[in-house]
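Working notes, structure below.
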2 protein chains.
Amino acid sequence: MKNSQVSTAVIRRLPRYYRYLTDLSIAGVLKISSKALADKMGVTASQIRQDLNCFGGFGQQGYGYNVELLRQEIGAILGVDKNYNAVLIGVGNLGHAIANHVKFEKRGIKLVGIFDIDEKLMGQEIKGIKVKHISELDEFCKEYQPKIAVLTLAKAETEKMMKQLCDLGVIGFWNFANMELKAPSDDITVVNVHLGDSLMTLCYDIKDKI
Amino acid sequence: MKNSQVSTAVIRRLPRYYRYLTDLSIAGVLKISSKALADKMGVTASQIRQDLNCFGGFGQQGYGYNVELLRQEIGAILGVDKNYNAVLIGVGNLGHAIANHVKFEKRGIKLVGIFDIDEKLMGQEIKGIKVKHISELDEFCKEYQPKIAVLTLAKAETEKMMKQLCDLGVIGFWNFANMELKAPSDDITVVNVHLGDSLMTLCYDIKDKI
DNA sequence: AAAATAAAGTGATTTTTTTTACAAAAAGTA
DNA sequence: TACTTTTTGTAAAAAAAATCACTTTATTTT
C-alpha cells in the first residue's frame, strides 16, 4: 500500500466504492472492470484506476478487479478492519435514529454504549444496548476504551462532552449538533455533520428547474 | 448576479458561509472582511473573495462585506428566498428525527405534510403537523404543490415513491435510504444522503492517530 | 486635506485534480 | 500455440481549482 498524502477528494469517494462492492460481493459477483464500476459510480474508469492506484495495484490487466479482494483492500484503507468501539451520547430523536439507522457494524465499528443525562431514559434499550446515565461514562470508558464518540446532544453541552471524552481516550468525534465543533488538537478528529447543507445544495439545484 | 456554470466546489461551501453569516447577523455584527470570514471557515481570504465573485461583487473595498446583505445574497443564490413547500414520507425513527432536527424554515423550506403507510401513526403530531396516510398524498400535493420531498422510507419503497411524487410535481428529492436513488430525468434533482460515508472518512482520519 | 491603512476585486500563476492515451500484461479464442 | 481482445497501470496532457500579487477604492488617522 503506497499512501503518502492522498487527497481528500479520493478518500471521499472510497466509501461509495466500498458500499457498492459490498453489494456486489453479497450478490456473488466475482470480478468487475474499472469501466463497469465507473458507470455505476457516475465517474470515469480512469478516475477509478487513478484513485485505487494511490494505494496500490489491486487489479489485473485483462481481467479487472476481484470484487471481494478490492472490497477488503478499500475496507483496510478506510480502517473498517480496525473494529473500534464507539459510544453515543444523547438519546433524543436524532440519537435514537442514528443508533438504529446507521450500520455501524458494516463499517467495523461496534457501538458499545449509549448515554444520556435524562434519568427517565435509563434502562430503555436501543439496538440491544441499555441506555446508561452520563455519570457512568468515566468508568465505562476505562473498561471499553471507545475510540469514537457520536455526539447527538444540544449545542450547549457538546463541547464540554468532547473535552470529557478526549480525557477518556476518545480520538474521533462524529458531531450532529448544529455547530462547528473544533478538534482541540491534531491528535483528535472531528467530523461535523450538517444535514441542512446538503438540503441547501438541493435547493440550489432545483432553482432553475422550476 | 453573474453565475454561468459555477463549480460544485463553490456551491458546497456556500451553506457554511450562510450559516456563519446568520449567526453573525443575529449577534448584531455589521461587517466582516474576507480575511476574518476565511479564518472562521478554515479557508483562505482569496478563496472567499473568489467564491463570492462568481456571483457578483457584494463587498466594498476598504470596508469589507455587510453581514446582513451578504447573508441575503448567498441566501438568494442558494434559493433560500424561494419558500418551497416540502413533504416528508416515512415516519420511522429517522423521519421523525429529521422532521424535528432539521431547521427547514431557516432554509426557506416549509414542511407542510408528513406521510406514512402505517395506519397506527395517523393523527400523531410532529412539529405541529398531523401525520397523514399515504393514500391522501395525491390530493394533498394537488393542493400544496410541494417541490421537495424528504424520503425516509425503506429501500424497497423509495423508488416507487419517487415516481409517484414526480408525477405530482415534486422536483427535488432528499433521500435517506441506504441506496443510490437516481433521478429519472434532468428536470429532477436527487440528493442521496449517506450518513455512514462521513463516518468512514472519520475512521480513515483516526487510523494513524491511534 | 494629505498620508496611511484596510480590504475588495481580479488577472496571472501555481497547484491540484481529472482526463487522455498508450504500453504492458493477462485472458480468451481460433 | 499464435492471434485477438480486454483491461490495468501510468506517464503526459488538459482542465479545474486555489493561491498569489497587485490595482483600485474606501476608510481612518495625523
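Below, chains carry the letters A, B, ... as their sequence lines are ordered, and counting in each starts from 1. Only heavy atoms go into these numbers, but all of them, side chains included; no hydrogens, no water, no symmetry mates.
Checked for salt-bridge contact, A:Lys160 and A:Glu157 miss the test: no charged N lies under 4.0 Å from a carboxylate O.
Comparing A:Ile32 and B:Lys31, the nucleotide of DNA chain D nearest to each residue sits closer to the 5' end for A:Ile32. Place A:Tyr63 and A:Val43 on DNA chain C by their nearest nucleotides, and A:Val43 ends up nearer the 5' end.
For the pair B:Ile11 CD1 and D:dA16 C1', the computed distance is 15 Å after rounding to whole Å. In this structure, B:Asp39 atom CG and C:dA7 atom C1' are separated by 14 Å, rounded to whole Å. Between the CG atom of B:Asn53 and the P atom of D:dC22 there is a distance of 19 Å, rounded to whole Å. Put simply, CZ on A:Arg49 is 15 Å from P on C:dA23, counting in whole angstrom units. Between the P atom of D:dT6 and the NZ atom of A:Lys35 lies a distance of 13 Å, rounded to the nearest Å. We find that CE of B:Met41 is positioned 18 Å from C1' of D:dA18, with the value rounded to whole Å. Rounded to whole Å, the distance from CG on B:Leu52 to C1' on C:dT10 is 14 Å. In this structure, the CD atom of A:Gln60 is 11 Å from the P atom of D:dT8, given to the nearest Å.
Of all heavy-atom pairs spanning B:Ala149 and B:Leu165, the tightest one is CB-CD1, 3.7 Å.
Remark: the A:Gln164 side chain and the A:Asp138 side chain contain an N/O donor-acceptor pair separated by less than 3.5 Å.
The base of C:dT18 is not paired with the side chain of A:Ser46 by any donor and acceptor separated by under 3.5 Å. Counting atom types as modelled, B:Gln50 pairs no side-chain N or O with a base atom of C:dT10 as donor and acceptor under 3.5 Å.
Residue A:Ser7 places no side-chain N or O under 4.0 Å from the OP1 or OP2 atom of C:dT16. Taking only side-chain nitrogens and oxygens, B:Tyr65 comes nearer than 4.0 Å to OP1 or OP2 of C:dG9. Between B:Arg13 and D:dA17 there is no side-chain polar atom (N or O) within less than 4.0 angstrom of OP1 or OP2. Contact check, B:Gln61 against C:dG9: no side-chain N or O comes under 4.0 Å of OP1 or OP2.
If you check every strand for non-hydrogen atoms under 4.0 Å, B:Ser34 touches sugar and phosphate atoms only. B:Thr44 comes within contact range of the sugar-phosphate backbone alone, with a heavy-atom separation under 4.0 Å but no base atom that close.
Nearest to the side chain of A:Ala9, among C:dT19, C:dT18, C:dA12, sits C:dT18.
Crowding of A:Lys103 atom NZ: a count of heavy atoms from other residues, nucleotides or ligands under 6.0 Å exceeding 12.
Ring-plane geometry between A:Phe176 and A:Trp174 is classed as perpendicular, the angle between the planes exceeding 60 degrees on a 0 to 90 degree scale with a lower cut at 30.
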